[in-house]
K.L.:
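First the structure, which I've put down as structure tokens, then a few questions once you've had a look.
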There are 2 protein chains.
Amino acid sequence: MARPRTQGPQTREKILDVALELFVQYGYDKTSLRDIAERLGITKAALYYYFERKEDILMELHLRLHAMGSEVLDELEAVPDGPARIAAFPAMLERLVVTMVGNRQLILLHRRNQSALEALHSDERNRVENEDLQRRLVRILSSEEISLTLRVRVACAIGAITETFFESGDAFGDVEPEELADLVRDVISDLLGSQLAAAAPRL
Amino acid sequence: MARPRTQGPQTREKILDVALELFVQYGYDKTSLRDIAERLGITKAALYYYFERKEDILMELHLRLHAMGSEVLDELEAVPDGPARIAAFPAMLERLVVTMVGNRQLILLHRRNQSALEALHSDERNRVENEDLQRRLVRILSSEEISLTLRVRVACAIGAITETFFESGDAFGDVEPEELADLVRDVISDLLGSQLAAAAPRL
DNA sequence: GTCTATATTTCGATAGAC
DNA sequence: GTCTATCGAAATATAGAC
């Protein structure tokens with residue numbers, strides 16, 4: 001709290017790094033700007049040079065995950081609903097595995113701060129142009145072109161991924177990530193295999 | 001705000017009902033005691049007749065879910081680790097399905113307020129004697145008596161349940177709960193079937 | 001770009017009357 | 001058992017110097 005730093009533009013990234021870590025560990029609401037500033041060796045006021053509001057820090061972190069999730073969903077939504085999209089599910093789930101494994105912290109931020117993030121969205125200042133990812137997924141899973149059985153199984157596959165890598169991830173801490181990922185891939189195959197064959201025999 | 005009510009002891013339950021609803025909808029941190037009181041037509045101060053601290057309201061709601069979850073885990077932990085416990089997994093998962101379907105709001109409270117609930121635990125005032133449910137589950141899934149494949153599949157089954165009924169539940173809003181539950185049961189069978197046979201051929 | 005100092009607001013919690 | 005009134009703490013945010 002003594003000396004100025006004149007750190008240049010990478011300070012903004014450092015703020016986001018520290019904020020992500022603290023938001024995941026203690027939660028957005030229980031992390032004060034003072035906590036973030038102290039960890040960085042600057043003062044609360046300095047944060048306001050980079051972010052107008054505390055919410056903007058959360059928002060920027062949210063947008064990074066949102067961008068990644070959007071890529072996955074964009075690709076899926078580009079395929080017409082029906083058999084073609086069914087055939088595209090495995091690739092989507094594979095991307096999901098890779099994305100989730102490679103972005104643990106951002107995923108945890110969302111899983112542990114759901115209400116804070118939802119409050120962001122309903123805030124008119126932070127009007128998010130895009131539809132929420134979860135809502136887009138729900139729409140995809142609501143398709144009337146796809147059998148209920150398959151829709152449920154795709155949902156189950158997603159749940160399998162998140163549970164294995166996050167909620168119960170601690171149980172597999174000493175397993176190689178790739179080995180774990182392969183086991184989850186087997187699960188996904190088991191869940192969708194027969195259904196894909198039944199739904200699109202010619203693909 | 002105007003008239004006293006002299007409501008008797010059911011007021012405490014009403015407070016918990018309203019709090020649960022608001023905590024789920026807006027999150028624990030963004031729900032003030034004033035919000036709860038106004039919804040009930042009483043004042044903030046009246047709440048303190050029933051609960052010493054705001055945290056105590058959350059704690060009581062938490063304990064209700066904890067009790068239910070403990071029943072399920074107690075039963076599983078009563079079975080010795082190894083083949084016998086493996087054989088007990090399907091019954092545990094079935095209880096989980098029933099419990100989750102029958103206690104939507106309480107489950108949502110936990111899923112949407114993870115960090116607030118974790119803060120409760122580390123608070124010495126609210127020292128929870130029991131180990132956290134998630135930690136107990138992780139321990140069960142960390143068993144060295146069970147193949148990694150099966151451990152992962154049990155985790156996946158749990159994820160399948162939660163994703164279908166909660167995260168992506170909106171996609172199945174117009175499906176009969178029992179039909180949905182049956183589809184999830186099929187998924188669980190597919191996930192564990194071959195593994196159970198391989199692990200405990202004589203059971 | 002960071003500081004000190006302070007304004008502003010919100011909220012949990014308490015005191016004491018009825 | 002509920003109220004009015006108020007306290008005290010904490011946190012976000014701002015003003016202005018350096």
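Within every chain, numbering begins at 1; the chains are lettered A, B, ... in the order of the sequence lines, protein sequences first and strands thereafter. Predicted model only: the values in this text are computed from it and were never measured.
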K.L.:
Establish, with yes or no, whether the OP1 or OP2 oxygen of C/dT2 is under 4.0 angstrom from a side-chain nitrogen or oxygen of A/Tyr49.
P.N.:
no

K.L.:
Do B/Glu118 and A/Arg112 sit within salt-bridge range, that is, some charged N less than 4.0 Å from a carboxylate O?
P.N.:
yes

K.L.:
If we ignore angles and hydrogens, is there a donor and acceptor under 3.5 Å between the side chains of B/Arg136 and B/Ser70?
P.N.:
yes

K.L.:
Sorted by first residue and then second, give each side chain to side chain donor-acceptor pair (under 3.5 Å) pair with at least one member in residues 146-162 of chain A; sequence neighbours left out.
P.N.:
A/Arg153-B/Asp190

K.L.:
Using only side-chain N and O atoms of B/Thr43, determine if any of them is under 4.0 Å from OP1 or OP2 of D/dC3.
P.N.:
yes

K.L.:
How long is the line joining CD1 of A/Ile36 and P of D/dA11, in whole Å?
P.N.:
12 Å

K.L.:
Roughly, in whole Å, what's the span from CD1 in B/Ile42 to P in D/dT4?
P.N.:
12 Å

K.L.:
How many Å lie between CD on A/Glu52 and P on D/dT14, as a whole number?
P.N.:
8 Å

K.L.:
Taking the minimum atom-to-atom distance to the side chain of A/Tyr50, which one of C/dA5, C/dG1, D/dT12 wins?
P.N.:
C/dG1

K.L.:
Would you kindly give the CG-to-P distance between B/Leu40 and D/dG1, to the nearest whole Å?
P.N.:
15 Å

K.L.:
Measure CZ/B/Arg53 against P/D/dG8 and give the value in whole Å, please.
P.N.:
20 Å

K.L.:
Should B/Arg39 and B/Glu21 count as an ion pair when the cut-off is N to O under 4.0 Å?
P.N.:
yes

K.L.:
Among the nucleotides D/dC3, D/dT12, C/dG1, which one has an atom lying closest to any side-chain atom of A/Leu33?
P.N.:
D/dT12

K.L.:
Checking contacts here: which listed nucleotide (C/dG12, C/dC3, D/dC3) is nearest the side-chain heavy atoms of B/Ala46?
P.N.:
D/dC3

K.L.:
Figure out the NZ/P separation between A/Lys44 and C/dT6, and round it to whole Å.
P.N.:
13 Å

K.L.:
Could you please name the option among C/dC11, D/dG1, C/dT4 that lies closest to any side-chain atom of B/Ser32?
P.N.:
C/dC11

K.L.:
On the ring face of B/Phe23, is B/Lys30 found with NZ or CZ under 6.0 Å from the centre and within 45° of the axis?
P.N.:
no

K.L.:
Got a sec? Which of residues 16-31 of chain B come in under 4.0 Å of DNA chain C, heavy atoms?
P.N.:
B/Thr31

K.L.:
For A/Leu58 and D/dT12, what is the distance between atoms CG and C1' respectively, to the nearest whole Å?
P.N.:
15 Å

K.L.:
Applying side chain to side chain donor-acceptor pair (under 3.5 Å), run through B/Ser32 and B/Asp35 and close with a yes or a no.
P.N.:
CA-CA 5 Å; B/Ser32 68; B/Asp35 294 332; 3.2 Å; yes

K.L.:
Check the distance between D/dT14's P and A/Phe51's CZ and give it to me in whole angstrom.
P.N.:
15 Å

K.L.:
With A/Arg53 as the cation and A/Tyr48 as the aromatic partner, state whether NZ or CZ is under 6.0 Å from the six-membered ring centre and within 45° of the axis.
P.N.:
no

